[in-house]
Structures are given as structure tokens and as C-alpha cells.
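So you know, we letter chains A, B, ... as the sequences are listed, proteins then strands, and number each from 1.
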Amino acid sequence: MDRSGLVGGPVEAARALLGRSIVRDDAAGRRVGRIVEVEAYGGPDDRASHARFGRTSRNAVMFGPPGFAYVYLVYGMYDCLNVVTGPEGTPAAVLIRAIEPLQGIDAMRIDRVRLAAARRHAPRTSPPRVERLVDARIASGPGLVGAALGLDRSWTGIDLCDPRSPLRLEDPAGTVAGGRVIATPRIGIDYAGDPWSGVPWRLAIGGHPSVSGPRSTR
DNA sequence: GCAAGGATATCG
DNA sequence: GATATCCTTGCA
């Protein structure tokens, strides 16, 4: 996709990313998903942003130009994909929280099984639930997006706007399915305090089956 | 409702 | 160097 759509404010950039395709090429083939849920993080004042303590080795890419990937590990096991936004020097990013699988669904499942195997001490009283998930729920959550696309922190710095990148953003091939955009507070950032924990910077396509969370929040 | 899991930021 | 914390998930 064109980088110019990402230079505005974080919420504006988040809205520009909704409905875009994300493409992952590797030896196994091509995986394609459509972005249906995002969260905006931006501005040095945003107490929920990884940049709230200033520049560190982890978040340095957020201070760079827009359109690059920032992948971080959370809870010790989930790699989450962000798109750096805003002009260079402004630390902002959009977290990709859910995608609708379009192509390469089998490959997405394989990497999800890998994720399940990584939970070494998890009780295995039943077959991994991932194998029973319906397609629409394979990547319905930020940790699941990373797993479905086979990402880890080493992907930080990839140019998502370069058509030659093995991981990139593209304009959707077909028509963008209808559906209103809903806006809610961001997930899991209560520590950020007022007003940051309440600003409606989580955007999603309302009612879409691939959006994360309980039905009441979709 | 809660455990699993490791990197990170902040402290001592 | 130690440790509290974390933008989550799947199963109890």
C-alpha cells in the first residue's frame, strides 16, 4: 500500500489500515488476510504506548519512518504485529489485532500448532483446540495474527510498503465487504490511566466474525 | 477464573 | 543483578 496513508495521526492511520490486505510469502506459499481490527498508539503523551518512556532499543523502530513493522513479544509467548505510522521522529504505531484469513489458511494453522507446542507446560488433556477452530477465528487476536503469519521479533524493521517484501500491505484485491466501523477503548491497557485507557482508538469492522473478543465487543 | 511464559523497564 | 509487570490465550 502507499506509505502516504500512514503519515497522519495514529487513529487516521488505523482507519486507513482497516480493510487492507496483509500478504506473507514464504517457501510454503502465500498467506493473505484482511485487516478487520486495529488499535492506534501514538504520540509521546500516549501513556499506553510502548514509546511512553522514550526511545529504547525495543521500540526504536517506532521513531522511524512509517510503513515498517514493529513486532514485540508479550506475555512471554505472543508476537504482536504493529505498523509504524506518523512522520519520522514521531513514535506511533498501529497494532494489528485481527485479520480475516483469505488465502493460505492451512499454512496459518500450521504456525498456530507451532504456537500451541510452545506452551510447554500447558496441560494437554485434549487435542490442541487450534485444530478445531473455524477458519474465521484463526487470527482473531493480536497474538494469533503473529502466529498465523509466522512472525517473531526478528521481523521488526521489515518494510511493509515494499511490494518485494515477504511481508507487506496491499490494497484489497476485491471489493471491501461492507460493515460499519466500530470504535471502542483499547484492550489491556488499564494501567495507562485517564484519559488514555478510555479513548476509543480500537477500530474494528462491526459484527465481523474474525474480530477478537466476546460477541458483546464485536 | 486462572496459569503459562520470557523479555522488558525500572529499581536497588 | 533482581523483580514486578506486561497491548494474550485456551482450558479449568
Item checked: Which residues share a salt bridge (charged side-chain N to carboxylate O under 4.0 Å, His left out) with A:D79, sequence neighbours left out -> none

Margin query: Could you tell me how far apart A:R202 (CZ) and C:dT8 (P) are, to the nearest whole angstrom?
Written below: 11 Å

Check: Roughly how many Å is it from OH in A:Y191 to C1' in C:dC6, rounded to a whole number?
Finding: 8 Å

Notebook entry, point to check: Which nucleotide sits closest to the side chain of A:M77: C:dC7, C:dG10, B:dA4?
Noted result: B:dA4

Checklist line | Between C1' of B:dG6 and CG of A:D79, the distance in whole Å | finding: 11 Å

N/O donor-acceptor pairs under 3.5 Å from side chains in residues 191-200 of chain A, not counting sequence neighbours:
unit_1, atom_1, unit_2, atom_2, d
A:Y191, OH, A:A48, O, 3.4
A:W196, NE1, A:D45, O, 3.3
A:S197, OG, A:G193, O, 3.4

Next item on the list: Please map the stems of DNA chain C, keeping only stretches of three or more Watson-Crick or G-U wobble pairs with both distances under 3.5 angstrom.
Entry: B:1-4 with C:8-11, B:6-11 with C:1-6

Check: With clusters built from Ile, Leu, Val, Met, Phe, Trp and Tyr whose side-chain heavy atoms come within less than 4.5 Å, directly or transitively, what are the remaining members of the cluster of A:V23, listed by chain and number?
Finding: A:V32, A:L102

Notebook entry, point to check: Hey, is A:Y41 doing a stacking thing with C:dC7, by the 5.5 Å centroid and 30° angle criteria?
Noted result: yes

Check: Residues two or more places apart in sequence or in another chain: which of them pass salt bridge (charged side-chain N to carboxylate O under 4.0 Å, His left out) with A:R30?
Finding: A:D25

Margin query: One pair to check against side chain to side chain contact (heavy atoms under 4.5 Å, CB included): A:V83 and A:R20. What are the steps and the verdict?
Written below: CA-CA 12 Å; A:V83 181; A:R20 302 279 179 169; over 6 Å; no

Margin query: Using whole Å, what does the distance between atom C1' of nucleotide C:dT8 and atom CD of A:E37 come to?
Written below: 13 Å

Checklist line | Rounded distance [0.5 Å steps], SG in A:C161 versus CD in A:E170 | finding: 11.0 Å

Check: Could you run down nucleotides 7-12 of chain B 5' to 3' and tag each one B, S or - for protein heavy-atom contact under 4.0 Å?
Finding: SSSS--

Notebook entry, point to check: Could you state the CD1-P distance from A:I96 to C:dT8, rounded to the nearest angstrom?
Noted result: 14 Å

Note to self: Test of understanding: with salt bridge (charged side-chain N to carboxylate O under 4.0 Å, His left out), list the residues that count as partners of A:R97, not counting sequence neighbours.
What the structure shows: A:E37, A:E39

Notebook entry, point to check: C:dC7 base to A:Y78 side chain: any donor-acceptor pair below 3.5 Å?
Noted result: no

Next item on the list: Would you indicate what A:I187 reaches in the nucleic acid, counting non-hydrogen atoms under 4.0 angstrom: base, sugar-phosphate, or nothing?
Entry: sugar-phosphate

Checklist line | Rounded interatomic separation in angstrom, taking CZ from A:R97 and P from C:dT9 | finding: 7 Å

Next item on the list: Would you please name every residue forming a salt bridge (charged side-chain N to carboxylate O under 4.0 Å, His left out) with A:D162, sequence neighbours left out?
Entry: A:R164

Next item on the list: Output all residues satisfying ring pair (Phe, Tyr, Trp, His ring centres under 6.0 Å) with A:F68, sequence neighbours left out; order by chain, then residue number.
Entry: none

